[in-house]
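No experiment lies behind these values; they were computed from the predicted model shown.
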Amino acid sequence: MIEDLVNQIEQRFSQLSREIVDPEVIGDRRRYAEVGRAYRQLEPAARLAEQWRRAADDAAGARELIAEDGDDPELREMLASAEQQLSELDEEIRLAMVERDPNDDKNVIVEIRPGTGGDEAGLFAGDLFRMLVRYAERRGFATEVLEADEDGGHFTFAVKGDGAYSVFKFEGGTHRVQRVPETESQGRIHTSTATVAVLPEAEDVDVHVDPNDLQVDVYRSSGPGGQSVNTTDSAVRITHRPSGIVVAMQDEKSQLQNREKAMRVLRARLYEQELERQQAELAADRRAQVGTGERAEKIRTYNFPQDRITDHRVKVTTHGIESVLAGDLEQFTAALQADEKRRALEVA
């Protein structure tokens, strides 16, 4: 019954409201982060519950007045309006209480790599990098480039802002492009791919990295990056021995900055690995996202000759590739979020 659900929301939100200002909770970093996250997640449902409670009181008041004063048209209209609002809020509250991905509020680290298609795949990886950065900016998120290797087609960047993962998780997978490369003299259409991995960025309270488990190597950078690039040991490669994960960074002139960036990526990968182990059904499995980069493993196709973009997961097709590559991805995100809610309701 919806009233029971409203009661549960009210009681839980009241408890969280007390805990979030409790000095004992504030003094425990892990506990405070958990309470804060739970509070933010429940807040939309709590606002809907408050609206439902007011509408229920209005409906009850209208019924009492009708019982006392007879069949007044204005009272009937008031009752009908309150009951319609209750019906609409019923569905909204149930949707709001569908179990969310626990990482939805987190910042993300996005890794883009070329798949099949040779040089064209590297160029396409660069297109995806610029598209996703622009999309983040359109959504009001802050971005930070961690790695931008135009020659190799390797890009890593962070997206920061409330709900970043809830938006960017849908970009994880193999993206396919069909177009005539600039180097193609015969005008033949080539098919290439690039892979995108979207990792929730780990906070200090999410994962502990033992410094004794790390092997840190420093070496001289290569490629563009400034006068000091080839004269100082500023590049950093960190190997996490227990997992075998290796992260290398060389974009910054400072060894300290490269190390800090590498640690952020390492923590994100370790966090995702732990999620995969503990919550396989909820985790954003990086290997499942990116697959092998083969042409058949695609989530979205960008067909330049027909100016058509198709998202194969929700069967949404649109036109205007230049607009999409400029960051206009809202229609895909909206369709994918709606599909996620629909599937969650079916399971609930």
Side-chain angles (χ1 to χ4, degrees), residues 108-138 143 145-159 168-199 221-225 229 248-251 265 286-333 335-336:
V108 299
I109 289 178
V110 181
E111 297 179 327
I112 304 172
R113 301 290 183 265
T116 59
D119 291 343
E120 176 66 8
L123 293 173
F124 181 48
D127 291 338
L128 291 179
F129 165 66
R130 287 178 283 276
M131 177 186 78
L132 294 177
V133 168
R134 289 165 183 159
Y135 184 39
E137 292 168 350
R138 288 169 67 117
T143 60
V145 177
L146 304 177
E147 175 190 21
D149 178 6
E150 292 281 355
D151 292 334
H154 291 190
F155 302 89
T156 305
F157 66 101
V159 182
F168 278 84
K169 65 183 177 183
F170 298 112
E171 296 306 311
T174 297
H175 296 244
R176 181 175 69 172
V177 65
Q178 296 172 323
R179 63 185 176 190
V180 178
E182 294 179 4
T183 56
E184 172 55 59
S185 59
Q186 303 296 320
R188 292 173 296 189
I189 297 171
H190 285 224
T191 298
S192 306
T193 66
T195 63
V196 178
V198 181
L199 315 176
S221 303
S222 60
V229 115
M249 285 288 166
Q250 67 170 26
D251 280 18
V265 175
R286 181 172 184 273
R287 285 171 295 181
Q289 280 188 15
V290 303
T292 62
E294 292 298 328
R295 294 182 179 89
E297 299 176 346
K298 77 276 187 181
I299 62 166
R300 193 178 296 148
T301 295
Y302 306 75
N303 185 306
F304 275 74
Q306 298 179 20
D307 191 32
R308 184 183 69 225
I309 313 97
T310 299
D311 195 292
H312 304 285
R313 296 162 295 181
V314 284
K315 306 298 188 290
V316 170
T317 296
T318 187
H319 297 276
I321 281 184
E322 293 305 322
S323 176
V324 169
L325 290 180
D328 185 10
L329 293 169
E330 284 87 354
Q331 57 192 316
F332 296 115
T333 301
L336 288 158

> Taking all non-hydrogen atoms of both residues, which atom of Leu128 and which atom of Ala194 are closest, and how far apart?
Replying inline: CD1-CB, 3.7 Å

>> Closer than 3.5 angstrom, by distance alone: can the side chain of Asp127 be matched with the main-chain N or O of Leu325 as a donor-acceptor pair?
In response: no

> For the atom pair OG1 (Thr317) and CZ (Arg300), what is the distance rounded to the nearest 0.5 Å?
Replying inline: 11.0 Å

> Any sub-3.5 Å donor-acceptor pair from Ser192's side-chain atoms to Val177's backbone N or O?
Replying inline: no

> If you round to the nearest 0.5 Å, how far is CD of Gln178 from CZ of Phe304?
Replying inline: 11.0 Å

>> With a 4.5 Å cut-off on side-chain heavy atoms, are Val196 and Ile299 touching?
In response: no

> Closest heavy-atom contact between Ile109 and Thr156?
Replying inline: CG2-CG2, 3.8 Å

>> Using a strict threshold of under 4.0 Å (side-chain N to carboxylate O), is an ion pair present between Arg134 and Glu322?
In response: no

> Which of these, Ile309, Asp328, Leu329, sits in a side chain to side chain contact (heavy atoms under 4.5 Å, CB included) with Ser323?
Replying inline: Asp328

> Any idea which heavy atoms bring Val133 and Thr143 closest together, and the distance?
Replying inline: CG1-OG1, 4.1 Å

>> Any salt bridge linking Glu147 with Arg113? Criterion: basic side-chain nitrogen under 4.0 Å from a carboxylate oxygen.
In response: yes

>> Assess the residue pair Leu123 and Arg179 against the criterion (side chain to side chain contact (heavy atoms under 4.5 Å, CB included)); give the C-alpha distance rounded to whole Å, side-chain angles, the decisive distance to 0.1 Å, and a yes or no.
In response: CA-CA 12 Å; Leu123 293 173; Arg179 63 185 176 190; 4.2 Å; yes

> Rounded to the nearest 0.5 Å, what separation is found between the CG atom of Asp311 and the OG1 atom of Thr301?
Replying inline: 9.0 Å

> At their closest point, which heavy atom of His175 faces which heavy atom of Glu171, and how far apart are they?
Replying inline: NE2-O, 2.9 Å

>> If I compare all heavy atoms of Ile112 with all of Ala125, which pair ends up nearest, and what's the gap?
In response: CG2-O, 3.7 Å

>> List the residues meeting ring pair (Phe, Tyr, Trp, His ring centres under 6.0 Å) with Phe168, not counting sequence neighbours, and say none if there are none.
In response: Tyr135

> Hey, what's the ring geometry for Phe157 with Phe129, parallel, tilted or perpendicular (30° and 60° as the breaks)?
Replying inline: perpendicular

>> Suppose we call two aromatic rings close when their centres sit under 6.0 Å apart. Are Phe170 and Phe332 close by that rule?
In response: no

> In chain order, what residues pass the side chain to side chain donor-acceptor pair (under 3.5 Å) check against His190, with sequence neighbours excluded?
Replying inline: Glu184

> Distance from Thr193 atom OG1 to Lys298 atom NZ, nearest 0.5 Å?
Replying inline: 11.5 Å

> What are the two closest non-hydrogen atoms of Asp307 and His319, and how far apart are they?
Replying inline: O-ND1, 2.9 Å

